[in-house]
Amino acid sequence: MIATVEHIRKFIFALVDCKNFYVSCERAFNSRLWKKPVIVLGNNDGIIIARSDEAKQLGIPMGFPVFLVRKIIKDNDVIVKSANFPLYFNMRDRVRGILSEFTPHLEKYSIDECFLDLTAFPPDQLDSYGRQIKEMVERCTGIPVQVGIAETKCLAKLANKVAKKKPELKGVLSVYGNLRWRERALEVTDVGDLWGVGPAYATMLKSNGINNALQFRDAPEHWVQKKMTIMGARIQAELKAIKCHSLSELPEPKKMIGTAAGVGVLMETLEEMLQEAAARAEEEGWKLRKENVCAKEMVVWVSTNPFSADPKHNDAREFTLPVATNNTSVIAKLAQACVKEMYKNGHRYKRVGVHALTLEPANCVQGDIFVDYEDPKKVTLMRVMDQLNQERGTGTVRIAATGPTGVSRTLFQNQSPHYTSRWSDLPIARAC
DNA sequence: TCTGGGGTCCTAGGACCC
DNA sequence: TCTGGGGTCCTAGGACCC
C-alpha cells in the first residue's frame, strides 16, 4: 500500500455511544425504572428493541418477539415499555447539543452514536477529555454514555465497546498512540464484534481460526480482501491505525426513502389493501417533502406474514413517474393501482411497502409539457396538510383514500408520556 | 487448432449497520 | 394470537456499444 499524506497525518476520533438508549430515555424521566429490568418494544409492541443491563442479564435477547419471553418477563417483574419515539428523538437532539459544545466537528452517526473529530486536541489529555464529555452529557441529559478514542473510526468503535464491557474503565477508553493498550483492546474483542463484521463473516473467519480482532488485524491482507472484498480490507487497515473512513459532518443526500410498516391485524380484502397503500403513500409523500426531494421511480410491494403457516404471497411493481413528485395523492393513486394488480384473494397480507428509488431535489425537477404536477394549488395543499399534521398531531388531516379509520396498526399499550414534546405531558416537580 | 478487446450500464444478490 | 423498520455499500455477470 502506498502511504499518502492522509495516512501519515494523525487523526483523533472519538465515538460517543449512549448506553441502552431507549431504556435510558425512559429512565431519565422515571426513577421507578432505575436498577430494574426494563425492555422497550417496537411498533405493534411486537419485538424487543432495547434492554436495560438487568434485562440483558436475564437472557432476554435483542430483536426477539416479546411473546416468546413472556415467562421470563412475568417471573422477573420485567418492566415493559412501548416505544416512544418523539421522546427519543428529542433526547437524541439534547445529547447532540451537548456534544457540539465540545467540538463543532461531529458526525451524527445514528440515533444514539456520534463521532467527534478531536484531532486538534492535545493527545496526552485525551483520557481526561473523554471523561469530561461523559460527565457533561450525563449531568445535562441523564443519559449515560461511553466514550472510545483512537486514530480511526474502527478503532474508536472498538475502544468504545471495550469501555462498555470492562467496568474498571468507567466508560472511557483512549487507545490513541498507545500500542500496548491498542493490542490489548484488539485481543479482548471478538472478531464478530468488529464494526463491519456481521454473522456471516464472523462464522467464516472463525472457521479459519481467526477469533479475535488482533488475529484479524494480522491476517494476510490479500486473503482478507479476497474473502471480504474491499470492505474487509478497510476494516483491517483501520485496525492498523490507517484511516479509511473520514468524518462526514454533513449527512449525504438520501438515495432511497421507504416506508413499510406491518399492520396489527392482517389484511384480507382488497379494500383494506387499498387503504393501506394510500396510508403508506401518505407517509412516503410526507417523508419526501420533509427531505425536500421528489421521486422519479418508485416500487410498491406486498407481503404476507413470513412466520405464519398461511399461504405466502410476495410481489412488487415498479413504475416511473412522468415527472418526479412528492405529492401524496399522485403517489397514492399509483400505489393503489399497483396493489390492485398484485392482490390475490385468499391471502392474509401483513405489509404494503412504498419505496422511492430515484430522488431529485424538489426545487429542480425536470418538467414535462404534458403533465402538470407542479400545479401551485396542489403544492400549497400539501404544505397546509403537513403544517396541520405537524402542529395538531399526525393524522389530523388525511387523504380520503386511507378510509375512515385506516387499517389497524400500532398498539402502544405501555407508552410513557411525551414528556418533552407535549405540553400536557410535562413532568411536574414536587418539593419533598 | 486458433473467432477481439475494452468500456459502460444495469441488475440481482449478499453483506452489513442501527 | 403475537416475529421491526429503516438504510448503505460492493461484486459478479449479462447486455450492449464501438
Side-chain angles (χ1 to χ4, degrees), chain A residues 15-22 39-51 60-71 73 80 82-83 85 88-89 92 107-115 153-154 157 160-161 191-205 224-235 244-245 248 251-266 280 283-284 287-288 290-291 297 299 301 303-310 316 318 320 348 350-359 408-414:
Chain A
L15 175 67
V16 181
D17 177 293
C18 300
K19 195 170 179 179
N20 311 329
F21 184 58
Y22 300 157
I39 58 173
V40 176
L41 307 183
N43 249 9
N44 285 321
D45 282 353
I47 65 157
I48 298 156
I49 58 171
R51 307 158 296 159
I60 298 177
M62 185 75 165
F64 213 62
V66 68
F67 73 90
L68 292 177
V69 288
R70 281 272 179 239
K71 188 164 173 356
I73 291 173
V80 179
S82 306
F85 286 104
Y88 307 154
F89 289 144
R92 167 199 69 187
E107 174 185 339
K108 300 159 181 169
Y109 178 66
S110 73
I111 190 166
D112 66 340
E113 284 168 273
C114 273
F115 283 106
K153 281 178 156 184
C154 259
K157 233 3 204 175
N160 190 294
K161 279 224 168 176
V191 74
D193 286 339
L194 280 172
W195 189 34
V197 176
Y201 284 149
T203 308
M204 183 280 292
L205 289 167
V224 169
Q225 168 132 14
K226 198 177 125 218
K227 290 281 191 181
M228 298 171 66
T229 79
I230 189 79
M231 306 294 281
R234 283 187 194 142
I235 300 166
C244 301
H245 301 291
S248 356
E252 298 281 311
K254 290 208 172 150
K255 296 178 174 147
M256 191 251 267
I257 292 178
T259 159
V263 297
V265 179
L266 299 179
R280 300 277 59 76
E283 195 179 335
E284 184 72 6
K287 284 184 184 174
L288 292 169
K290 209 167 53 176
E291 293 284 327
E297 285 170 312
V299 175
W301 50 273
S303 69
T304 46
N305 183 353
F307 299 98
S308 80
D310 289 349
E318 200 174 328
T320 304
R348 303 168 70 219
K350 176 79 182 165
R351 262 170 234 281
V352 176
V354 178
H355 284 189
L357 297 180
T358 317
L359 304 174
S408 154
R409 143 140 303 102
T410 312
L411 309 164
F412 286 120
Q413 287 180 345
N414 302 296

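Every chain is numbered from 1 and lettered A, B, ... according to where its sequence line falls, protein lines coming before strand lines. Remember, predicted model here, so these are calculated numbers, not experimental data.
The nucleotide range of DNA chain B contacted by chain A, defined by atoms under 4.0 angstrom from heavy atoms of the protein and reported 5' to 3', is dA15(B) to dC18(B).
Partners of Tyr22(A) according to the ring-ring contact (aromatic ring centres under 6.0 Å, His included) rule, which considers only residues two or more places apart in sequence or in another chain, are Phe85(A), Tyr88(A). Checked against salt bridge (Lys or Arg N to Asp or Glu O under 4.0 Å), Lys161(A) has no partners two or more places apart in sequence or in another chain. For Asp112(A), the side chain to side chain donor-acceptor pair (under 3.5 Å) partners at least two apart in sequence or on another chain are Ser110(A). Shown here are the side chain to side chain donor-acceptor pair (under 3.5 Å) partners of Glu297(A), two or more places apart in sequence or in another chain: Thr358(A).
Every stem involving DNA chain B, taken as at least 3 paired positions in a row under the Watson-Crick or G-U wobble test at 3.5 Å, is listed here: B:5-18 with C:5-18.
If you check every strand for non-hydrogen atoms under 4.0 Å, Arg70(A) touches nothing. Among the heavy atoms of the strands lying under 4.0 Å from Lys157(A) are primed sugar atoms or P, OP1, OP2 only; no base atom is included. Across all strands shown, Glu113(A) has heavy atoms under 4.0 Å from sugar-phosphate atoms exclusively, and none from any base. Within 4.0 Å of Val197(A), counting heavy atoms only, lie sugar-phosphate atoms of the nucleic acid but no base atom. Here Ser308(A) lies out of heavy-atom contact (under 4.0 Å) with every strand. Base contact: Ile47(A) has a heavy atom under 4.0 Å from a base atom. Phe64(A) comes within 4.0 angstrom of no nucleic acid atom, judged by non-hydrogen atoms across all strands. No engagement by Leu266(A) is indicated, since no non-hydrogen atom pair under 4.0 Å with the nucleic acid exists. Residue contacts for Pro306(A): at a heavy-atom cut-off of 4.0 Å it reaches no nucleic acid atom on any strand shown.
When the C1' atom is compared between dC17(B) and dG4(C), the two are found 15 Å apart, to the nearest whole Å.
Considering every non-hydrogen atom in both Arg280(A) and Val352(A), the closest pair reads CD-O, 3.2 Å.
Remark: Lys287(A) does not engage Glu291(A) in a salt bridge, criterion side-chain N to carboxylate O under 4.0 Å.
In this structure, CZ in Phe115(A) is found 5.5 Å from NZ in Lys157(A), a value given to the nearest 0.5 Å. Distance CD1/Ile48(A) to CG/Leu41(A): 6.5 Å, rounded to 0.5 Å.
Between Lys287(A) and Met231(A), it is Lys287(A) whose nearest contact on DNA chain C lies nearer the 5' terminus. Taking for each of Leu68(A) and Glu283(A) the nucleotide of DNA chain C with the nearest heavy atom, the 5'-most of the two is the partner of Leu68(A).
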| Stepwise side chain to side chain contact (heavy atoms under 4.5 Å, CB included) check, Lys227(A) with Leu205(A) | CA-CA 9 Å; Lys227(A) 290 281 191 181; Leu205(A) 289 167; over 6 Å; no

